[in-house]
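Chain A is the first sequence line, chain B the second, and so forth, proteins listed ahead of strands; every chain is numbered from 1. None of the values given here were measured: they were computed from a predicted structure.
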4 protein chains.
Amino acid sequence: MKAAIAGASGYAGGELLRLLLGHPEIEIGAVTAASSAGTRLGAHQPHLTPLAGRVIEQTTRETLAGHDVVFLALPHGESAALAAQLGDDTLIVDCGADFRLTDPAAWGEFYGGVHAGTWPYGLPELPGQRELLAKTKRVAVPGCYPTTATLALFPAFAAGLAGPDVVVVAASGTSGAGKSPKSHLLGSEVMGAVSAYGVGGVHRHTPEIEQNLSAVSGQPVTVSFTPTLAPMPRGILATCVVPAAPGTTAESLREAYEEAVKDEPFLTLLPEGVWPSTAMTLGANTAALQVTLDRRAGRIVALAAIDNLTKGTAGGAIQSANLALGLPEELGLPVAGVSP
Amino acid sequence: MKAAIAGASGYAGGELLRLLLGHPEIEIGAVTAASSAGTRLGAHQPHLTPLAGRVIEQTTRETLAGHDVVFLALPHGESAALAAQLGDDTLIVDCGADFRLTDPAAWGEFYGGVHAGTWPYGLPELPGQRELLAKTKRVAVPGCYPTTATLALFPAFAAGLAGPDVVVVAASGTSGAGKSPKSHLLGSEVMGAVSAYGVGGVHRHTPEIEQNLSAVSGQPVTVSFTPTLAPMPRGILATCVVPAAPGTTAESLREAYEEAVKDEPFLTLLPEGVWPSTAMTLGANTAALQVTLDRRAGRIVALAAIDNLTKGTAGGAIQSANLALGLPEELGLPVAGVSP
Amino acid sequence: MKAAIAGASGYAGGELLRLLLGHPEIEIGAVTAASSAGTRLGAHQPHLTPLAGRVIEQTTRETLAGHDVVFLALPHGESAALAAQLGDDTLIVDCGADFRLTDPAAWGEFYGGVHAGTWPYGLPELPGQRELLAKTKRVAVPGCYPTTATLALFPAFAAGLAGPDVVVVAASGTSGAGKSPKSHLLGSEVMGAVSAYGVGGVHRHTPEIEQNLSAVSGQPVTVSFTPTLAPMPRGILATCVVPAAPGTTAESLREAYEEAVKDEPFLTLLPEGVWPSTAMTLGANTAALQVTLDRRAGRIVALAAIDNLTKGTAGGAIQSANLALGLPEELGLPVAGVSP
Amino acid sequence: MKAAIAGASGYAGGELLRLLLGHPEIEIGAVTAASSAGTRLGAHQPHLTPLAGRVIEQTTRETLAGHDVVFLALPHGESAALAAQLGDDTLIVDCGADFRLTDPAAWGEFYGGVHAGTWPYGLPELPGQRELLAKTKRVAVPGCYPTTATLALFPAFAAGLAGPDVVVVAASGTSGAGKSPKSHLLGSEVMGAVSAYGVGGVHRHTPEIEQNLSAVSGQPVTVSFTPTLAPMPRGILATCVVPAAPGTTAESLREAYEEAVKDEPFLTLLPEGVWPSTAMTLGANTAALQVTLDRRAGRIVALAAIDNLTKGTAGGAIQSANLALGLPEELGLPVAGVSP
C-alpha cells in the first residue's frame, strides 16, 4: 500500500515519515507541503536519512491522488477543503482538528467559523471505537492532550468510579507548538522554564476531552484543563484529578485499570508505586498509565505519559490507518522507546 | 550582623551564601557542613567565587555560636537537636521541615517520629504573619511547594471566593531534590522528561499547604497535591484549581488578587492574559501570580511561579530573617531575575 | 539466532536491547547483570515495554552459555575474565575497552594493569576492517569518541590530505558517563552547563583515536583530545582540526569524503554548507559528516555527529555482530533518527 | 549618573538593565528600542519586575540625549549612524561589532561594506587596555567568543609560551543568537542537540580573536575557530589549543596564568585538576580559566568559561563604562553566579 503525506516539512509530518519508513506494508508515496514545495526533504528533516534527497511536492489534489491512504498534517482549518477534493474511496487520516468535535456549538465556541463535520475518532482504545475505525475511510486523529487525558481517565469512567468534575493539568514538550518560528518558543526562552498558557478553560482541547469522557461516562463531564509548556522537545504528562465515586477502593480502582489495559497493545499500567515519566515513551506509540486513590482528598489521581508526536499524533494516526486498511493494528509501530 | 550557615555544601546552603554575599547588613560568618567539613567551599560551590577559599567547618554548637543569626539548611530531622543547643537569643532560621507543622498528628502521619514543635512560619505574605516574624527568634521556613501554592491561592481564600477542595499540580526543577547522587536524578534521566512522584496525597508538603490555606480560609481545606519533576535546575510552577464560591466574578477575583499583592514587595500579579513562567523569577525572591475564572468548569485557576531555591527556600529565609532582625524586609533580596 | 546481553541494566545494555527488539534475525536470550540480578528489567529500562517483565539473571558463564552471540556491556576491566570462560565458537562482542588497543604500552599508560590483548576492532568503515570482522568470533567495539573522531577524519587521512597533528574537541551527552549516581552528573548540575573534563591528553580515548588515524595514515598521528560534557542525554559532536597537506583544495577534500562514504550504509556526507548536529542521528546508527578547508588557517576542519549509545556503542556493536554472524550489515539498525 | 539603553527589548539590553538595577552609581534613564517602542518593558523582559511598567521609547538622538552614558545593544551595523548623532562628550558603549576591528580589510572580508572605524576595545584585562579605557568616551565591547578565547589564551601569549597557530572550538548557549524568531533556534530544535555553524574560518569573530592575540603576542597569530551551539540559554566554554613554545613546562605555564590573573577582579584560575564549567559563571561577570600542558601532543590546552550575556556582553560593557566614568571597575558587577 502507498501513503501520501501532506505537510511533510513539519513535526507531525516528519514523525509520520519516520514511522512509515519502518512500516512493513505501507510505502511512502508523495511527500508534499506548501511553502517548502520544491525543496529537498533533507533540508527540513535531516534525521530522515533515507529520504533526504526526496523533492517535496506541492500539496494538491493531483499530488495526493492515487494513494491508498493520505495523511494530512496541515494547519488547523486546511483539511476540510482538501479532503473534499479527494475521492471517497481513499482513506484520509487527518491529524488536524477539523473533524474531531461532534458538537457544532463547541466547534463555534473554541475554533470559530463553520463546523466542517465529524469523522470517526482515531482513538481505538475507547470502547467501541476500534470497530468503527475498521470500516471507515475517514479518520480524525485526536489532539495530543485529549489522547493523554482520555487514556488516563477512561478506565475510571468506564468502571463508574469517577465523578463528572475533572481537573487536568498537563505538561507538554515544545514540539506540540509546531515548527513556525515564534519568539516565545525560542530555545533561549523555553530551556530552564515551565510556563502555563491557555488557562481557564479556553484551550481548544478542552471540549474534546469532555466529549471523550462524557461518551465513556454516559453523562456530561466537565473538564478544567490547564496546559503547561515544559523544557523538552517531546512528551506529555497529564495529571488528572477527579472525585472518587462512593465506595471506590484502591483495589476496585486498580482492577478497573488492569481490565481496561489488558488487551491493549499500546497501554501499560505501571507496577504499583511507579509513576509515569515521558521518558518511558519517547519515540514509541505507547502510553504509560498509573492511578491511585487519594483517600485524604477523596479523589482519584490518574496519570498518563505519551510522546505527543508518536501516540499523540503520527503513531496514533498510523494505528487508526492500520485498522482502516485491514492491517494488524500494531504494524510498524514501536513499542520500545528511546531512553535515556 | 553576622550569619552562620549550616549545610553550606548543599543547594539551599549555596543559595543562602549567594544571597548573603549581596546583603548590605549581614556578614557571612561560619560556613559549616557535616561530611564535607575540612574541604574548601570552592570545591562544592564553584560559582561563589569570593568564598572559594573558605574552609568548611564541622556543624557544631561551637562553630555556630556567636552569630546574630544561624541559618540551618540540613536534612529533615536534624534541626531540632541542633537548635536545642543554641541559645534562645540567637535567631535560628530553619530551612528544614522540623518546625513547620502545627498538628502533631499530621507530623506523625507524614514524617513519623516525635513532633519537635512549631515555630513561627516564615511566609510574611500570610495575613498577620509579618507581625509574628518581627518578634521571633525562631523561624520555620516554608517548604518550596507550600510557598508556591499558598501564594497562588491565599488571595482567593482571604476574599472568601474559594471552596475548600483544592487541586494542586506543581512542576519543580531538580534542585528541589537536593545534591545527593541518586540514579533517577542523573542528568541523563531527567533531561527531556517530565515525571510524577509522591502522587495520591502522600507528599509531605500536602498537610503544610492545607495548614496554610485552612488558616487563611478559617475553615478546613483539603488539598489533592501532585508534584512533578521538570527538566530544569530551578523553578516551581504551581497550578491550583479550586471551586469558585457562588457569585464569584472575574472582576471580584482580580480585585481580590490586586488587593492582596498591592503592598507586597515580592509578589507580582501579572497583567491579564499573561501566564506565569518560572523564567520570570529565576534567582529572584519574587513570585509571579495570575488567576482566572474558568466559567465553564465553575472553578478558579490560580498559578504561581517562583524560584524554589530563592523565594522557595533561601530568599524566603532571609526575608524572614530581615524581619526578625529588625531590618527592612527587602534588604539584599533580588527582585530582578536572570533571564533568558 | 540468539543473543545474550550482559550488563542489561545500564545504558549500553538498554540500547542493545532496544535495537535487538527490532532485529529480524536475532532473538533476545539471557539478560544479565550483577547487582541488579533478580529484579525485573522494567525497573531499570521502563522504556522497553515488551521486556518489562523479564527477570535479570546473574552474569555468569552458565547464564551466557548457549547463545550465538554474547554482548558484553560491562565496566571496563571485567570483560577479559568473562570472555575467557566462554567458548571460542561463541561470538563475543565487547562494548568495553579491554581489547581495543594494540599497543600494550599505551594500555599501561592510560588504563594501567595488564593488557588483556587485542580483538578485531569493530569499526567496519575503516579500510579493510569489514573483511576482518566477517571472520572473527571476537569484536572490540570502539569507544564512542574514537568512533566519532575517526569517522570525521579517516577520509582525509586515507586520501593523504591531512597532516599528523590533530586537534579534537568533542561534546558528549551525559549518557556516555553511565548510570552510576555521581553528584557532578546530577540533572541539577549538568542542565544549563557545558564543562570540560579529562583535558590535556589524559582521556583514555586519546590513544585509541591515534591508533585508528595512524593506521589509516600509514604514519604516526598525534592527537590533542579534549572532551566536554553537554546538557543532553545522548549524542556526540566532534570537531576535528588538522593541517591541510600542501596542495589540498576544497574540491579534492570534498571528493575524498564523497569517495569515502559512497558505499557506506551509515555515513552521510551532508550537503555543502550544512553542518552536523547530534539531532540528525538520535537513536539511529548513522553518522553525519561534513568537512571544509579553512584557507586562512591552512587547516581542514572535519566534523561528525553520532548518537553515542547507537553508532557509538550498541548500534556499532550490532553492526559488527551482523558481519561476524554472516548477516547483512544493516540488519535491524535504524537509519532514521528521532527528531525533534 | 544616568544611563540610556538602546535595544532594551533584546537579550543584551535585558542583561544591561538587570545589572544596572543593581548598580549603586548608575541610574536607568531612557529605555529605547525600534519595533517594540511604545510597549511596556514588562512585555519583553518579565523578569525585570521593577521596570515592568516602563514604556519603551523609540531609539533616537533625542531620547538618548542627556545621559552620562549610552549603551547601544543594536543589530550590527546600526551603531555607527546613531553614534555620529550623539555628542562627543557622552560616553557611548557599543555592544555591536561596528568599531571592534582595527583592520579595514578584515572588516571588509568578514562584515562587508564600509569600515566605520575603531574604538577603544572594552577588554580591560588585556595589557594596557585598562588605561586606554579610563580616558575614552567611546568603547567597543568585544564579541562574546573573542572575550572567552582571549581570556583563555592571553596569559600564554603574554608569557611567550604559545606558538602562533591557534585552534579554538567553543560551545555557546543560544542567547548569543539573539531573540529574533528563527526555526533552527526553536526550543524543539536546540534542546537535546549540539550543532556546529560558521565552520572553516568564516565566523565574524575569527579576525577579532586574531587581532587580540596578535596584539598580545607581538606577532601575527592565526586562529582556526569553530563555534558550536549547545542546549542551554547562556554560557560559553572555549577550548583553545596552541603549540607550546620550546621549553614550556607545566610549572612555567601555571605561573604565567597565576601572574596574569592575580590582580584581576573577574578572572579566576581554577585549582589544578578542576576544569571550567559555564555553570560557574552564570549571571556573573567572571571568567573561570584553566590551562594544562598536553605533553604527548606538545600543546597548551587553555579553557575559559563565561556567561556570554554578562562578562561576554552586558557585564563587560558596564565594566568598561565604570572605567571610562571614573568609577571603581567592579561596581555593580556580580562576582557570584547563580547555580545550580
Side-chain angles (χ1 to χ4, degrees), chain A residues 165-173 184 186-202 206-207 210 222-226 228-237 239 241 243 275-280 282 290-299 301 303 305 339-340, chain B residues 165-173 184 186-202 206-207 210 222-226 228-237 239 241 243 275-280 282 290-299 301 303 305 339-340:
Chain A
D165 295 312
V166 178
V167 173
V168 175
V169 179
S172 174
H184 75 284
L186 284 174
S188 299
E189 300 292 317
V190 299
M191 287 187 286
V194 171
S195 59
Y197 66 101
V199 184
V202 303
T206 306
E210 291 182 343
T222 307
V223 172
S224 166
F225 169 51
T226 304
T228 68
L229 197 65
M232 57 187 185
R234 292 176 175 233
I236 291 181
L237 179 76
T239 302
V241 185
W275 298 101
S277 166
T278 59
M280 296 170 177
L282 192 102
Q290 186 55 288
V291 69
T292 194
L293 186 63
D294 180 344
R295 285 190 190 80
R296 194 177 175 92
R299 288 168 190 270
V301 186
L303 296 105
S339 178
Chain B
D165 295 313
V166 179
V167 173
V168 176
V169 179
S172 174
H184 75 283
L186 285 174
S188 299
E189 300 292 317
V190 299
M191 288 187 285
V194 171
S195 58
Y197 66 101
V199 184
V202 303
T206 306
E210 291 183 342
T222 306
V223 172
S224 166
F225 170 50
T226 305
T228 67
L229 198 65
M232 56 188 186
R234 290 176 176 234
I236 291 182
L237 178 77
T239 302
V241 185
W275 299 101
S277 166
T278 59
M280 297 172 177
L282 192 103
Q290 186 53 289
V291 69
T292 195
L293 187 62
D294 180 345
R295 285 190 190 79
R296 194 178 175 92
R299 287 168 191 269
V301 186
L303 295 105
S339 176

Quick one: which of [options] has the most heavy-atom pairs under 4.5 Å with chain A, could you say?
{"options": "B:V169, B:T278, B:V194", "value": "B:V194"}
{"options": "B:T292, B:L237, B:T222", "value": "B:L237"}
{"options": "B:D165, B:L293, B:I236, B:L186", "value": "B:D165"}
{"options": "B:V301, B:L282, B:V167", "value": "B:V167"}
{"options": "B:A171, B:P276, B:G235", "value": "B:P276"}

Please rank [options] by heavy-atom pairs under 4.5 Å with chain B and give me the top one.
{"options": "A:A279, A:G198, A:G192", "answer": "A:G192"}
{"options": "A:P243, A:A193, A:A305", "answer": "A:A193"}
{"options": "A:G298, A:P233, A:A196", "answer": "A:A196"}

Interatomic spacing from [atom1] in [X] to [atom2] in [Y] - rounded to 0.5 Å:
{"X": "A:H184", "Y": "A:S195", "atom1": "NE2", "atom2": "OG", "value": "7.5 Å"}
{"X": "B:W275", "Y": "A:L229", "atom1": "CH2", "atom2": "CG", "value": "15.0 Å"}
{"X": "A:S172", "Y": "A:R234", "atom1": "OG", "atom2": "CZ", "value": "11.5 Å"}
{"X": "B:T228", "Y": "A:L303", "atom1": "OG1", "atom2": "CG", "value": "9.0 Å"}

Can you say whether B:S188 sits under 4.5 Å from chain A via the side chain, the backbone, both, or neither, judging by heavy atoms?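 Contact with chain A is through both the backbone and side chain of B:S188.
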
So which part of B:V199 gets closer than 4.5 Å to some heavy atom of chain A, the side chain, the backbone, both or neither?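 Interface part for B:V199: both.
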
Which atoms of [X] come close to chain B, meaning under 4.5 Å heavy atom to heavy atom: side chain ones, backbone ones, both, or neither?
{"X": "A:S339", "value": "neither"}
{"X": "A:R299", "value": "side chain"}
{"X": "A:A230", "value": "side chain"}

Looking at residues at least two apart in the chain, or sitting in another chain, which of them share a side-chain contact (heavy atoms from CB on, under 4.5 Å) with A:V223?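 Per chain and number, A:V223 pairs via side-chain contact (heavy atoms from CB on, under 4.5 Å) with A:V166, A:V168, A:I209, A:E210, A:L213, A:V221, A:F225.
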
Check whether any side-chain heavy atom of A:R296 lies under 4.5 Å from a side-chain heavy atom of B:P207, and answer yes or no.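 A side-chain contact exists here, since the closest heavy-atom pair is under 4.5 Å.
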
Mind checking what makes side chain to side chain donor-acceptor pair (under 3.5 Å) contact with B:T206, not counting sequence neighbours?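 B:T206 satisfies side chain to side chain donor-acceptor pair (under 3.5 Å) with no residue once adjacent residues are dropped.
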
